[in-house]
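First the proteins, then the strands, lettered A, B, ... as listed; each starts at 1.
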Amino acid sequence: MSELPRWEVFKQDGPGKVHQAVGSVHAGDGQHALFTARSVFARRPAAVSLWVARADHIFALTKQELDAGTDLPEGDGGTFHIFGKKTNRRSMTLGDHLGTLEASSPQAALEAARTQYGDDLLVWWLVPDSALVRSTDSAETVESWFAPAKDKTYKQQSSYGVVGQHASAHKKAVRGGDHD
Amino acid sequence: MTETTEIMTETLILTEALKTALIARFTALADDEITLSHRVAEWTGHAPLLEEDIALANIAQDELGHGTLWLGLRAALDGSNADALAYHRDASEYRNAPLTELPKGDWAFTMMRQYLFDAWEVLWLDTARQSSYVPLAEAAAQALREEKFHLQHTALWVERLALGTPKSTHRMQDALNQLWAYALGLFDPLPGEADAVAAGLLPDVTALQARWLGLVRGHLEGVGLSIPSASELSASPLPYSRSQHTEHLAPLLADFQRVAREFPESQVW
């Protein structure tokens, strides 16, 4: 099953925040990718929404490629989601959702994006709207996919003092002279 | 004392018989979670996809978390110790349904069992949210949220594998044939549970079975699988129950309990 296609995952941490590219999963289809993305990327940290898109449906370009005059391949026009990496300082995410725009081709979308969002981004990703598969925004999905992570204290390492006691208590007992 | 407080106090008084029924059900639920969690965790490092390896470990951890929840509810009633119950009871004292102790089998078997179990658990929890025993109602509401996600995930796998290749379809049908009678065993009422059901403390598992059948039959038949018929099942009824385990439980517990039993005095982990 390792030949399954790769899907890029975009996670929204909270209402009003933008979706960010957080990594990828292998999955047979979009729904499957959403499920695995939830387990891999939203198990503990906060999230309210996930998007996935097949990696081979994303138009990607680095600043170096852009400076070298590389053009994006031909493709259909339509609505594009523009993701950009502005700095290499934060390494946990690969790019932020900057906005959407309409364009007649990927290359036209890129040119419009450079005008709109600045020309100094390190990485550009253009995701056709038709390539995105989104988790539903229903209260029930948020509740069952994302809310539990907040109070699953048993998923934190610190909660595994269940058997016996915390190490500090043990050391205290030893120092207290019970074990001489 | 206000009127409201009096009413609340009144509803919280449990007879010994009701308390015993609650303790028995919490133990059965915890034992299901612990044993199934262990079986699921056996996939860690061995799942067919890295992503599913992580997802399954996540499910295993959720189930173990639920086990802790149920043992906590039991402890509030009888002062028992969760670790002592989990690690120091033998197979003859475990009250899980035999479904959860069966070896993990192949991926199809694992997904089918998890699906059948998740569907049962979602429905049980959904009903238990209405329990007149408030600690149970609260715990059920909490566990239900993530259990719904499990069910969606495993329902998706059942569908993909059932409709996948001839080999995956065959394996899913095989798994269903092997598991069906065991899954029905989840719905055996516990001895002494009837009064607690009548008092609105616990879900009526017999009524739940009808809802469960509707849910899983719709999904399984919808993806082309056939459910074993009643006549096939009655031809060879299972000799197993929550108090009569298969030969697979003892080795599972030996593995699960080994460290705790080898180092009973250990203070630091």
Side-chain angles (χ1 to χ4, degrees), chain A residues 1-4 6-7 9 23-44 52 135-136 138-157 159-174 178-179, chain B residues 37 47-69 71-72 81-84 86-88 107 122 125 141-157 159-161 163-164 168 257 259-261 263-269:
Chain A
M1 283 198 249
S2 56
E3 309 86 38
L4 293 178
R6 189 160 61 84
W7 299 72
V9 178
S24 59
V25 293
H26 292 87
D29 55 71
Q31 282 302 317
H32 183 207
L34 279 178
F35 275 95
T36 52
R38 184 272 190 186
S39 295
V40 174
F41 294 106
R43 195 169 73 90
R44 277 184 293 222
V52 293
S135 63
T136 53
S138 72
E140 187 170 340
T141 296
V142 172
E143 178 89 338
S144 70
W145 283 46
F146 305 121
K150 284 184 202 156
D151 43 41
K152 281 182 189 171
T153 52
Y154 58 85
K155 295 205 166 173
Q156 309 298 334
Q157 194 185 3
S159 81
Y160 284 86
V162 178
V163 180
Q165 299 160 353
H166 189 265
S168 59
H170 180 59
K171 284 174 189 156
K172 213 167 169 183
V174 173
D178 292 332
H179 296 251
Chain B
S37 167
L49 280 167
L50 172 64
E51 289 83 350
E52 289 297 335
D53 200 299
I54 295 170
L56 264 197
N58 185 47
I59 287 177
Q61 214 172 20
D62 281 348
E63 304 296 16
L64 200 56
H66 296 168
T68 310
L69 203 60
L71 290 179
N81 178 283
D83 289 338
Y87 294 120
H88 296 282
W107 187 251
V122 159
L125 293 172
Q142 190 189 332
L144 179 63
R145 299 183 311 175
E146 55 205 34
E147 209 49 55
K148 278 185 179 171
F149 177 80
H150 294 183
L151 178 61
Q152 288 180 358
H153 188 184
T154 47
L156 177 141
W157 267 105
E159 180 187 343
R160 300 300 190 275
L161 291 174
L163 300 173
S168 73
Q257 299 174 330
V259 176
R261 290 191 178 207
F263 304 99
E265 303 305 321
S266 186
Q267 298 284 301
V268 183
W269 293 88

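Under the side chain to side chain contact (heavy atoms under 4.5 Å, CB included) criterion, A:R6 pairs with A:E8, A:S24, A:H26, A:A55, not counting sequence neighbours.
Of the residues listed (B:H150, B:K148, B:E147), the one engaging A:S144 in a side chain to side chain contact (heavy atoms under 4.5 Å, CB included) is B:K148, and it is the only one.
With a 4.5 Å cut-off on side-chain heavy atoms, A:H32 and B:E52 count as touching. The shortest distance between side-chain heavy atoms of A:L4 and B:E51 does not fall below 4.5 Å.
Distance OG1/A:T36 to CG/B:L156: 9.5 Å, rounded to 0.5 Å. Distance check: A:S39 OG to B:D53 CG gives 11.5 Å after rounding to the nearest 0.5 Å.
Between A:F35 and B:H153, the ring-plane angle classifies as parallel under the 30° and 60° cut-offs.
Counting heavy-atom pairs closer than 4.5 Å to chain A, the top residue among B:N81, B:L56, B:I54 is B:I54.
The parts of B:Q152 that come within reach of chain A are both its backbone and its side chain, each placing non-hydrogen atoms under 4.5 angstrom from that chain.
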